[in-house]
Amino acid sequence: MAGKVPYNHNVIEKKWRKRWKENPINVEGDKEKYYCLDMFPYPSGNGLHVGHWRGYVISDVWSRYKMLQGYYLIHPMGWDAFGLPAENYAIKNGVHPSISTAENVKNIKRQINEIAAIYDWDREVNTTDPDYYKWTQWIFVKMFKEGLAYEKEMPINWCPSCKTGLANEEVVDGKCERCGAEVTKKNLRQWMLKITAYADRLLADLDKLDWPEKVKKMQTDWIGKSYGAEVDFKVDGRDETITVYTTRPDTLWGATFMVLAPEHELSASLATPETKEAVDKYIYEASMKSNVDRMQDKEKTGVFTGSYAINPLNGKKTPIWLSDYVLADYGTGAIMCVPAHDDRDFEFAKKFGLPIVQVIAKDGKEIENMTEAYTEAAGTMINSGDWNGMESAVLKKEAPAMIEAKGYGKKTTNYKLRDWVFSRQRYWGEPIPIVHCPDCGPVAVPEEELPVLLPDVEKYEPTGTGESPLAAIDSWVNTTCPCCGKPAKRETNTMPQWAGSSWYFLRYVDNKNSDELVNREKADKYLPVDMYIGGVEHAVLHLLYSRFYTKFLNDIGVIDFDEPFKKLFNQGMVCGRDRETGAATKMSKSLGNIVSPDDIVRDYGCDSLRLYELFIGPPELDSIWDDRGMEGIYRFLNRLWNMFTENKDRDVAVTKELEKIRNKMVYDITTRLEQFSLNTVVSGFMEVNNKLVELTKTTGVDKETLKTLTILLAPFAPHIGEEMWEQLGGTDSVFHQTWPTYDESKMADDEKEIAVQINGKTRGTVTVSVDAEKDAVLAAAKEVVKDKLIGNIVKEIYVPGRIVNIVMK
RNA sequence: GCGGAUGUGGCGGAAUGGCAGACGCAGCAGACUCAAAAUCUGCCGGUGGCAACAUCGUGUGGGUUCAAGUCCCACCAUCCGCACCA
């Protein structure tokens, strides 16, 4: 066709990226803010693959949609740039991490800009920038002053490969989350953050959040709150008392023995001369076992100490054992054992021939030849003295108070959450701003002296001794005490990578402020985050730490809210296909199945890639990259472009049909987008385009429909959207238009084809007017299937606009 | 072991309890072309049938309902999370 300009993505995309740079489209005015945040990336040397892009595309589409709804966007990007890979690269190549990091940032920034993301680079932050980590350190100092950061010598998780301590959250299946090496225990002086002080609030406030239930559940489980009682057992013939924690105080009469963790402070001393050798051996062996060994030991082990404890309720002597199935750092490190009603205690009792006393009747009676523990708190109490006859479920709730009233112990709660091991023995992280003074102890570096700059070192290698490489720089380590002025030494441990990422979203709204972490007025205006988009891998670590930091900063008056992220969306991964098996596999260099967005953008354009990233599948599920699917999207954009160019200069009158198509299009796209069903938004565009292509051959498509389509499409394919808008005569950016609305009355069909079923099976169709009477529809329907109406009609069902079902016989 | 997610054509996937398979990919046939690519048109779950049509069909087995991919019960498989937390 004459005058037809083919779709040239290169020309269009280049043109509009330049325009956006010259005339930013996101302007504040007096608009309300909308804060849409991406999880900021670690600037890896590999750059991004199409999987990383998925989240960025989703957040960009959502942001542009919000923009068309009239919001001013906070849509920033930054770099989580401290961490091991840069340091390991430095060790290998002798390049300072700050140099390799800067190079990687540059490359990834280029890639991200090709998504056409409207990131506001004026807000950019980098966790390794001293102006940034000054405030990371400042938060630590504040926590230290509030007693939330403290030092402790304790056995911690130690990764022998990374040569650093790890938080519990960083240990997966007994292995290092980062490198996969088996984690061992090491006694080290550590900086800890008292996140447990916030356990209750971290748990309760989950209710406030519009987050995936899965993530809330994971955090709930990680915090692991339980209700029960601490009960004091006197050691027979000695002055000591052993306190146990139990969630089942109702079964106290059934406690027939007690088990202590080998690490319990009384473990060794409970041994008698006869048992001493065996007890010491057991304690020693337990201390040598790694986490993995301990978890893999399915068979229970244990040793009798020779001592007995007195059950406070019935005065009975119960033997005290040691076993490593009891955890030293949960509860009190000691448990009372009720083998009749606990699986683990049952197994232990069976193995070592300990007595089993049932105290809850199952189905109203005592079980003969018990083969497994009865763990339900359901049934009447038996063998339980004055508790006999009570309901277990009731007693379970009341017993803690009863025990407390009698002076046998107290009502209590417990958490699985532990305090956060916060120090790392590595180089590339924020120095912990503490000075150790022989007289004053640990002293915080005065706030006006922050940041404590990370010094250059010659050797980045972790020492492996439990000291950071910083310890080798005498000139840096030796300083004076800020308190008394005497010679003192700097803390040489650094912070974990999580430190910088636990609060970065606050800094974006005031990233150049050198006097405050964030200006309060700006914080009140632009925070918190309305929508947070990122992978589910941060369900516990990053998201829990960020919530903790936010609550702390709220407590000390820096900000006015106590939850950072109102809404959270986890996008699925984009997998590659295994060349041989065809199975979905993570994209990785070693498998050679990485698809680079650079190649795709070059061949098909950024708009095509954006649409394919959405069309590939439901955004919350993992999906598989398919090059041919990518081509299909490209074909669609070409068809759309051709349809557009053939209609844009025609003078087409609005018909009822066109009006219907337009309203239905707005309805479909809007509702699907609101439901975050982004894959079906794209198919919705294809459907409407197919219809418009048909109309192009006959009546053509009117301007209003083309304009509406253009605005709807713009958040998804912004370059072509802008180009179409301009060609339709728009003088301002398409993103300064208003999101279209629909009129339901103009969407509906006058006539509808509905199915006619007999006994639930479709036997024909009938086209009826939507406002036809039931009797008329039924009559028409019966006419269609009259040959098949053999027998008696029992019931006739008509669901207007949907179906007729005739029930026979 | 506990918890969660998922299971629909050759593939990715779509379906407020109401005609299963939208949309796309692949495939087949045709048009255009000397030819190919691109593009356009048509077909495209299985079985039977020239066809109209019939029949089976959403992991398996039951159930509720006029009607079930969708709701309920019991399983199976895959993936993810937690895992001796008393």
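Every chain is numbered from 1, with letters handed out A, B, ... down the list of sequences.
- Between B:U47 and B:C82, the two P atoms lie 46 Å apart (nearest whole Å).
- Summarising the base pairing, B:C19 is matched to no nucleotide, lacking a Watson-Crick or G-U wobble pair whose two defining distances lie under 3.5 Å.
- Between A:Glu687 and A:Arg672, at least one side-chain N (NZ, or NE/NH1/NH2) sits under 4.0 Å from a carboxylate O, which counts as a salt bridge.
- The residue A:Lys214 sits close only to the backbone: its heavy atoms come under 4.0 Å of sugar-phosphate atoms, none of a base.
- To the nearest angstrom, C1' of B:C23 lies 15 Å from CD1 of A:Ile616.
- Salt-bridge annotation for A:Asp329 and A:Arg418: present, with a side-chain N of the basic residue lying under 4.0 Å from a carboxylate O of the acidic one.
- Distance NZ (A:Lys416) to C1' (B:A86): 11 Å, rounded to an integer number of Å.
- Across the C1' atoms, B:G61 and B:A54 are found 27 Å apart, a figure rounded to whole Å.
- Looking at heavy-atom distances under 4.0 Å, A:Asp221 makes no contact with the nucleic acid at all.
- Among the atoms of the strands shown, base atoms are found under 4.0 Å from some heavy atom of A:Phe615.
- Across every strand in view, B:G1 sits in a pair with B:C82 that passes the Watson-Crick or G-U test at under 3.5 angstrom.
- Syn is the classification of B:G9, since its glycosidic angle stays within 90° of 0.
- Summarising the geometry, the separation between CG on A:Leu621 and P on B:G4 is reported as 17 Å, rounded to the nearest angstrom.
- Side-chain atoms of A:Asp232 and A:Thr241 form no donor-acceptor pair, as typed in the model, at a separation below 3.5 Å.
- Backbone-only contact: A:Gly632 has heavy atoms under 4.0 Å from sugar-phosphate atoms and none from a base.
- Here B:A86 presents its P atom at 18 Å from CZ of A:Phe348, a figure rounded to the nearest Å.
- Counting non-hydrogen atoms under 4.0 angstrom, A:Glu753 reaches a base of the nucleic acid.
- A:Ser226 comes within 4.0 angstrom of the backbone, heavy atoms only, and of no base.
- Nucleotides B:U65 and B:U60 have their P atoms positioned 23 Å apart, rounded to a whole Å.
- Under 4.0 Å is where a charged nitrogen must lie from a carboxylate oxygen, and between A:Lys225 and A:Asp200 at least one such pair does.
- OP1 or OP2 of B:C25 lies within a sub-4.0 Å distance of a side-chain N or O belonging to A:Arg635.
- The A:Ala755 side chain lies nearest to B:C19 when the options are B:G12, B:C19, B:A86.
- The pair A:Glu299-A:Lys351 counts as a salt bridge, with a side-chain nitrogen and a carboxylate oxygen less than 4.0 angstrom apart.
- Between the side chain of A:Tyr798 and the backbone N or O of A:Asp775, no donor-acceptor pair lies under 3.5 Å.
- Between the CD atom of A:Glu687 and the P atom of B:G13 there is a distance of 18 Å, rounded to whole Å.
- At a threshold of 4.0 angstrom between heavy atoms, the contacts of A:Arg763 are confined to the sugar-phosphate backbone, with no base atom among them.
- Summarising the geometry, the separation between CZ on A:Arg628 and P on B:G13 is reported as 14 Å, rounded to the nearest angstrom.
- If you check every strand for non-hydrogen atoms under 4.0 Å, A:Asn679 touches sugar and phosphate atoms only.
- Pair assignment for B:G7 gives B:C76, based on Watson-Crick or G-U wobble hydrogen-bonding distances that are each under 3.5 Å.
- Checking B:C34 for Watson-Crick or G-U wobble geometry (two distances, each under 3.5 Å) identifies no partner in any strand.
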